[in-house]
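Naming convention: chains lettered A, B, ... in sequence-line order (proteins, then strands); numbering from 1 in each chain.
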Amino acid sequence: MKGNSGVKNDFIYSMALQLSEQEIIRREALAELQELGINPYPAEEYTTNTTIKDILTYYPEDESSFQDVVIAGRIMGRRIMGSASFAELQDSTGRIQLYFNRDEICPGEDKTMYNTVFKRLLDIGDIIGVKGYVFVTRMGETTVHVKEYKLLTKSLRPLPVVKEKDGQVYDAFKDPEQRYRQRYLDLIVNPDVRDTFRQRALMIQSMRNFLLSKEYLEVETPVLQPIYGGAAARPFKTYHNTLDTTLYLRIANELYLKRLIVGGYDGVFEFAKDFRNEGMSRFHNPEFTQMELYVAYKDYKWMMNTVEEMVEKIALDLHGTTAVKVGDKKIDFKRPWKRFTMYGAIEHFTGVDVSEMDEAQMRKAALDMGVELDETMGRGKIIDEIFGEKCEGKLIQPTFITDYPVEMSPLAKKHRELPGLVERFEAICNGKEICNSFSELNDPVDQRSRFEEQIELGRRGDPEAMVLDEDFLRAIEHGMPPTAGLGIGIDRLGMIMTNSNSIQDVLFFPQMRPEKSSSAESEGDDFINAGIPAEWVPVFQKSGYPNLESLKGANANKVFNQLCGLRKKLKLTLSAPKPEDVKEWIEKAG
RNA sequence: GACUUGGUAGCUCAGCUGGUAGAGCACAUCCCUUUUAAGGAUGGGGUCCUGGGUUCGAGCCCCAGCCAAGUCACCA
């Protein structure tokens, strides 16, 4: 360290107790930059005039272009030689090589900006802006010849360095836990992750454009609901102080959107975050996004055609083709999709026609197929079990399953021809449901009795049974036009459209258990309360005494030696304690 | 929730029957200087997830716990 003030030394070395060596070196570089009069975090705008992607795309077509470029981004790699160096710069569009030459960066006598600042004080991860011109190196790589550069942000932590050659990736940053917890790192070093989320955004945009082009109204409805409804699921519960009342985070927005149809809109939709207090897996996150759409004067048959049209358009907008690669399969969203009734699908995959069976016969048939059941299951639930067990996983290409048992669908209208069924369909794709839709039940008398059946299920112990929403009934008693409704899982569809294996890969910040945080900082108060100088607290903690309690009964000589040893090792400017001080501190602990 | 696998340096990972913690990248100092997952030399860097136990001795064995991933169950 040259010319550093004692104050800065103290700051850096007191941090040294918690920091890795590489972090200390970066903090020293930060201090040195400031002494050179360089602001590592400048406030003013840095105006760029192109992007890396544009340079790489258009320069090869016209080598007289890009002779005066300004770009900004993060340093992702450096190859430093004597008077000339190369670096990799990454912006939001891509990565390009930079060429630095000492005598061009520093035309005069003072070579500090090259020798000291660029070579020694900049690191991988720093954000800089550069001005220069584009050329091609002897090795044939399009490169920006830097005439001038400016530090825009100093990075204090080392970045995972991922290297790649001929499609082979070295030292990939791939541990899922770290990728999800520190998504920013994932995004920096794994460019395909940035692409996945761009595609997700494009997918939503495509869907929204489709719906807006039909002149449906995009709306927002409450997330905090006094009565949760619209789906069979367990809710998150919260509490409002002023109202002194329990509220639930919505599990669906269906009942609110239908109220809007009652209110006279012909078509309403919402991209809704829903919350379900249930298990987590690679298909389930506690909060997820669903697009719900309700269109008046339509039925579920119309809605099937609409879903096909919409999803086919999304595939085309994202991939330019209706066929999408998912894992080792190719899924083709080209219309028309295959259609099965639920009974038809079961007969197709099991060879058993269950359509005419009563509950007892059905139970026996299911058990014969090896489907596990429990006592609380009624006829509808058994059909659902058979379907889920024997059919759903086998449906890879997009397929509509229609006409569900009434017991499973308390918000769907009874089938116009087939008793015991409702006018409902789901689209199954890659073995998973991607949407759910019905001709909405608008008969208020029927709706009330369906709710009452749900209440009965709740009494029998079904934790997912729906509760009766009196205001919703009041609304449809005023008359809701015949309506087709749809819920489509945005995350699930996103997984398919981006070829992602888990829902965590299409959510920026999937829910994780909270990280175990070191409580060292708060525990430090104990030391101070016992009269131990604050500047020694981190030294104690580094020595293996996280709190005062841990110091109890410790050998005073040993502690004294540990403290002084660390002081020497880390070149702390603190004055050494006396042995009797240490003894006194330990006595206070015990 | 059950089962399986894993947690070792900033990152990716080795680590023998239980015997003084290793490599590559990154970092530091130096050499070469239009290189490209740059090369060469030297060096620094560790709570082996946590807590117990067995043992003369534990990264490794046993028990408990934490976190994650995979599979299964439930839900979209």
_Non-hydrogen atoms of Glu292(A) and Gly487(A) that approach each other most closely_ = CG-CA, 4.1 Å
*Interatomic distance at P, G65(B) relative to C3(B), whole Å*: 11 Å
*Which atom pair, heavy atoms only, marks the closest approach of Arg513(A) to Arg181(A)?*
O-NH1, 2.7 Å
*Do Glu141(A) and U35(B) share a donor-acceptor pair, side chain to base, under 3.5 Å?*
no
*Integer-rounded Å distance: A26(B) C1' and Leu185(A) CG*: 14 Å
*Pick base, sugar-phosphate or nothing for Tyr99(A), based on heavy-atom distances below 4.0 Å to the nucleic acid.*
base
_Minimum heavy-atom distance between Arg179(A) and Phe173(A), given as atom pair plus value_ = CD-O, 3.5 Å
*Sugar-phosphate only, base, or nothing, as touched by Ala231(A) at under 4.0 Å among non-hydrogen atoms*: nothing
*asked:* Under a 3.5 Å cut-off for both contacts, is A58(B) paired Watson-Crick or G-U wobble with anything, and if yes, with which nucleotide?
replied: none
*Opposite nucleotide pairing with C30(B), Watson-Crick or G-U, both atom distances under 3.5 Å*: G40(B)
*Phosphate oxygens OP1/OP2 of U71(B): is one of them under 4.0 Å from a side-chain N or O of Arg282(A)?*
yes
*Say you pick atom C1' in U12(B) and the same atom in U4(B); how far apart are they, in whole Å?*
24 Å
_Gap between atoms CD and P, on Glu23(A) and A28(B) respectively (whole Å)_ = 14 Å
_Give me the distance, rounded to whole Å, that separates U29(B) from U17(B) when you measure between the P atoms they each carry._
42 Å
*Measure from CG on Asp175(A) to P on U5(B) and round the result to the nearest Å.*
18 Å
*Ser20(A) side chain, from C-beta outward: closest of G10(B), U34(B), G44(B)*: G10(B)
*Would you mind pulling out the nucleotide paired to A2(B), Watson-Crick or G-U wobble, both distances under 3.5 Å?*
U71(B)
*Within the pair Arg78(A) and U35(B), is there a side-chain N or O less than 4.0 Å away from OP1 or OP2?*
no
_How many whole angstroms separate atom CZ of Phe100(A) from atom C1' of U35(B)?_
14 Å
*Decide if the gap between the ring center of Phe100(A) and the ring center of Phe118(A) is smaller than 6.0 angstrom.*
yes
_What's the gap between C61(B) and G57(B) when it is taken at their C1' atoms, as a whole Å value?_
13 Å
*asked:* With a 4.0 Å cutoff (strictly under), does any side-chain N or O of Lys174(A) reach OP1 or OP2 of A69(B)?
replied: no
*Are the charged groups of Glu88(A) and Arg79(A) less than 4.0 angstrom apart, N to O?*
yes
*Among G45(B), A69(B), A73(B), which nucleotide sits nearest the side chain of Ser281(A)?*
A73(B)
*Option passing ring pair (Phe, Tyr, Trp, His ring centres under 6.0 Å) with Tyr228(A) (candidates Phe236(A), Tyr248(A), Tyr256(A))*: Tyr248(A)
_Would you measure the distance from the P atom in C31(B) across to the matching atom in U20(B) and give it in whole Å?_
38 Å
*Could you tell me whether the phosphate oxygens of C67(B), OP1 or OP2, come under 4.0 Å of any side-chain nitrogen or oxygen in Arg513(A)?*
yes
_Between Glu278(A) and Arg234(A), does any side-chain N to carboxylate O distance fall below 4.0 Å?_
no
*Listed nucleotide nearest any side-chain atom of Gln22(A), set A69(B), G10(B), C74(B)*: G10(B)
_Whole-Å distance separating the CZ atom of Arg157(A) from the P atom of C27(B)_ = 17 Å
_Whole-Å gap separating P (C74(B)) and CD (Glu389(A))_ = 7 Å
*Rounded distance in Å between the P positions of U35(B) and U71(B)*: 47 Å
_Strictly by Watson-Crick or wobble contacts shorter than 3.5 Å, is anything paired with C25(B), and which nucleotide is it?_
G10(B)
*Nearest-neighbour nucleotide for the Phe173(A) side chain, C11(B), A73(B), A28(B) considered*: C11(B)
*asked:* Rounding to an integer number of angstrom, what distance separates C49(B) and U5(B) when you compare their C1' atoms?
replied: 16 Å
_A68(B) OP1/OP2 closer than 4.0 Å to side-chain N/O of Gln178(A)_ = no
*Does A38(B) have OP1 or OP2 sitting under 4.0 Å from an N or O in the side chain of Arg79(A)?*
yes
_Given RNA chain B, 5'-ward residue of the pair Gln511(A) and Met280(A), judged by closest heavy atom_ = Gln511(A)
*Rounding to the closest angstrom, what is the interatomic distance between G10(B) and C16(B) at atom C1'?*
28 Å
*NA contact type, Ile80(A), heavy-atom cut-off 4.0 Å: base, sugar-phosphate, or nothing?*
base
*Under 4.0 Å between any heavy atoms, over every strand shown, what does Thr137(A) touch: base, sugar-phosphate, or nothing? Just pick one.*
base
*Under 4.0 angstrom, heavy atoms only, what part of the nucleic acid is Asn285(A) near: base, sugar-phosphate, or nothing?*
base
*Which part of the nucleic acid, if any, lies within contact of Lys381(A), taking any heavy atom under 4.0 Å across all strands shown: a base, the sugar-phosphate backbone alone, or nothing?*
sugar-phosphate
*Look at the aromatic rings of Tyr99(A) and Phe86(A) and report parallel, tilted or perpendicular, splitting at 30° and 60°.*
tilted
*Candidates A68(B), U34(B), C11(B) - which lies nearest the side chain of Glu177(A)*: A68(B)
*What integer distance in Å separates Asn277(A):CG from C74(B):P?*
18 Å
_For atom OH of Tyr180(A) and atom C1' of A69(B), their distance in whole Å_ = 9 Å
_Base, sugar-phosphate or nothing for Glu385(A)? Non-hydrogen atoms, less than 4.0 Å._
sugar-phosphate
